[in-house]
Amino acid sequence: MTQTDNLTKESILTIGKGVPRLRFAPSPTGFLHIGAFRTALFSWLYARHTSGQFILRIEDTDTARTVEGAVDDFINGLTWLGMDVDEGPIVGGPYGPYYQVQRKALYQQYASQLITSGHAYRCYCTPERLDAMRKAQEAQKLPPRYDRHCRYLSDEEHAANEAAGLPWIVRFAMPLEGETVVPDKLHGDMVFKNTDLDDMVILKSNGLAPYHLAHLVDDHLMGITHVLRGEEWIPSAPRHVQLHKALGWELPLYYHVPNVLGKDKKKLSKRRNAPSWSEYQEQGFLPEAVFNFLALLGWSYDDKTELFSREELIRAFTIDRIGISSGIYDADKLLWMNGVYIRQLPLDELVRRTLPYMERPEAEGGLPNSISRPLDVEYTTRVLRLEHERLKTLGEAAHVVSFFFEDEISYDTALLIQKGMDASRTRNALVYTRDLLTYIQDWDHTIIEPLMRELVATLGLKAGQLFGTVRTAISGRTATPPLFEMMEVLGRDVTMKRIEQAIIYVS
RNA sequence: GCCUCGUUCGUCUAGCGGUUUAGGACAUCGCCCUUUCAAGGCGGAGAUCACGGGUUCGAAUCCCGUACGAGGUACCA
């Protein structure tokens with residue numbers, strides 16, 4: 001297809017029929033991983049970029065594998081990521097229903113139309129026969145393919161099978177020679193030999209259509225202009241082209257998007273190497289960070305820009321800059337990006353969004369059950385201000401900040417003794433610190449710091465030796481926010497109490 | 001087995017025939033800042049552009065093979 005042809009086709013679709021219409025059509029066989037949302041995101045971004053429409057359709061024709069609650073999971077995931085749906089379940093729309101099980105009659109109608117036009121036929125082959133056939137083919141090292149047994153049945157034989165009440169399905173009569181060209185906007189034309197294509201099933205015994213017919217009928221009827229789907233569909237795309245031809249329908253614009261791979265270099269799979277999107281939510285990833293990260297998975301704007309707000313992404317997104325080679329998703333980079341987004345959050349917003357994570361039960365990553373301080377907004381704000389630029393996820397806040405809320409802290413008392421110090425010098429330093437702190441009028445880090453620095457000099461220690469000891473004494477940690485601000489937030493009473501305790505520990 | 005798609009630093013990528021001593025980011029290493037941890041700043045290392053042939057004055061960029069990887073090969077999507 002030449003560039004001119006593309007432009008022409010695109011013009012017809014976008015100007016002739018209105019705006020671009022794209023869909024996300026998951027099948028409710030389980031939760032969704034972020035790879036699935038990545039492809040949906042591209043469709044969504046393009047729809048928003050062009051003021052087009054984004055449609056959610058549920059491909060539930062595999063009734064046996066349908067999982068309860070899956071559709072809610074999709075909708076929750078889309079909502080979390082901020083991908084609003086113009087048409088679909090719940091919101092409805094003029095091209096519904098948006099569940100394929102409810103569109104059964106449509107598929108049957110087109111299947112029988114194809115039989116009438118000679119493009120399809122009824123097949124009475126039993127699963128046992130198909131199985132035996134496939135086994136025989138494999139034994140002979142032949143590609144397993146339907147042998148077209150029923151395609152060549154005479155009218156009399158069809159009538160006899162009918163009269164006998166044999167169950168049947170419908171198969172598509174694939175052209176027996178020639179080639180099928182799949183025009184793909186990302187890959188260019190892909191050519192397939194028709195002899196490699198078999199007579200696939202287009203109507204199952206449960207009366208529903210498999211993906212091949214169902215998605216295509218729906219896309220056509222719903223006016224879908226751009227089909228973005230995973231590259232695993234490339235091998236069956238020629239079937240879809242032939243089906244379009246037989247139905248006399250114009251092809252949508254195809255974009256076969258590369259798959260997202262796991263660390264094992266395998267396609268992300270819910271049952272093998274990919275967590276549900278909701279685990280990212282539970283760990284405290286910000287949806288805007290995941291959104292940004294996902295957009296960069298197989299798409300790029302230029303050679304340096306990586307941080308995009310939602311609006312910037314909508315403005316910058318162009319479909320032709322989607323890459324064609326699949327890539328492993330880099331969990332480290334997501335973590336980094338989440339940190340960037342957390343740091344960009346205004347403090348009150350950070351608190352508002354972190355509180356629910358801290359309020360979770362201890363077992364789910366919340367604050368310890370033993371906390372003695374209430375989780376009020378004022379105090380939590382003062383605490384989180386100190387951890388703001390240190391957080392990588394919202395979920396880790398509770399752990400990192402727990403000592404601000406606990407009454408008793410426990411730690412390895414050996415950590416009190418700094419490099420070049422011993423127990424008695426440490427004890428001495430703590431005693432001096434306690435005495436100094438007792439006389440401080442304004443409990444403010446700007447007051448505490450210079451006095452503590454004087455004490456360092458008085459005791460002939462290095463700053464790190466004194467401060468390290470006090471840090472451990474009041475937090476039980478070796479890595480904390482700046483010491484004096486921490487003391488200020490903790491308050492005089494708690495600080496003094498913990499230092500007293502530490503004096504006992506080192507004795 | 002057969003069919004198809006893909007292949008630039010460890011990872012994500014820029015590059016669409018000359019501006020490239022192949023640019024950026026994450027990770028990593030070093031230095032600076034510094035009371036620890038982060039954050040930030042500066043810098044380093046890291047890619048014979050999978051390999052082999054062509055085409056061309058000139059190729060990471062175009063063509064053909066090979067290798068490797070992935071995907072598909074169902075009354076699953």
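Reminder, nothing fancy here: chain letters follow the sequence lines and each chain counts from 1.
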(message) Angle between ring planes, A:His240 versus A:His215, binned at 30° and 60°: parallel, tilted or perpendicular?
(response) perpendicular
(request) Side chain of A:Lys333 only, please: which of B:A25, B:A77, B:C3 is the nearest? (result) B:A25
(request) Just say parallel, tilted or perpendicular for the rings of A:His226 and A:Tyr255, cut-offs at 30° and 60°. (result) parallel
(message) Do the side chains of A:Lys185 and A:Asp320 get close enough for a salt bridge, i.e. N-O under 4.0 angstrom?
(response) no
(request) Answer yes or no: is there an ion pair linking A:Asp219 with A:Arg57, defined by an N-O contact shorter than 4.0 Å? (result) yes
(request) Measure from the side-chain heavy atoms of A:Ala463 and tell me the nearest of B:U7, B:A77, B:U35. (result) B:U35
(request) Using both distances under 3.5 Å as the test, list the Watson-Crick or G-U wobble partner of B:G6, or none. (result) B:C68
(request) Tell me what A:Pro26 touches on the nucleic acid: a base, only sugar-phosphate, or nothing, going by heavy atoms under 4.0 Å. (result) nothing
(request) Would you classify A:Ile234 as touching base, sugar-phosphate or nothing, given that sugar-phosphate means primed atoms plus P, OP1 and OP2, and contacts are heavy atoms under 4.0 Å? (result) sugar-phosphate
(message) Given B:G24, B:C76, B:A14, identify the nucleotide with an atom nearest to the side chain of A:Ser300.
(response) B:A14
(message) Can you identify which nucleotide, out of B:A39, B:U36, B:G24, has its nearest atom closest to the A:Lys392 side chain?
(response) B:A39
(request) Please determine, for the side chain of A:Trp336, which listed nucleotide (B:A27, B:G6, B:U36) has the closest atom? (result) B:A27
(message) Can you identify which nucleotide, out of B:U35, B:G23, B:C3, has its nearest atom closest to the A:Arg471 side chain?
(response) B:U35
(message) Please pick, from B:U36, B:C3, B:C75, the nucleotide with the shortest atom-to-atom distance to any side-chain atom of A:Thr480.
(response) B:U36
(message) Measuring from the side chain of A:Ile328 (C-beta onward, heavy atoms only), which nucleotide among B:C12, B:A39, B:C26 has the closest atom?
(response) B:C12
(message) Any base atoms under 4.0 Å from A:Lys304, or only sugar-phosphate, or nothing? Heavy atoms, all strands.
(response) sugar-phosphate
(message) Does the structure show a Watson-Crick or G-U wobble partner for B:G1, both distances under 3.5 Å? Name it, or say none.
(response) B:U73
(message) From the set B:U35, B:A77, B:C26, return the single nucleotide nearest to any side-chain atom of A:Asp330.
(response) B:C26
(request) Remember a base hit wins even if backbone is also touched, and classify A:Thr61 as base, sugar-phosphate or nothing at under 4.0 Å, heavy atoms. (result) sugar-phosphate
(request) Take nucleotides 59-73 of chain B nucleotide by nucleotide from the 5' end and write B, S or -, depending on whether a protein heavy atom sits under 4.0 Å from the base, only from the sugar-phosphate, or from neither. (result) -----------SBSS
(message) Please give me the minimum heavy-atom distance between A:Leu313 and A:Ala295, naming the atom from each residue.
(response) CD2-CB, 3.6 Å
(message) Classify the ring geometry of A:Tyr146 against A:Tyr121: parallel below 30°, tilted from 30° to 60°, perpendicular beyond 60°.
(response) parallel
(message) Under a 3.5 Å cut-off for both contacts, is B:U55 paired Watson-Crick or G-U wobble with anything, and if yes, with which nucleotide?
(response) none
(request) Answer with base, sugar-phosphate or nothing: what part of the nucleic acid does A:Ser205 contact at a heavy-atom distance below 4.0 Å? (result) base
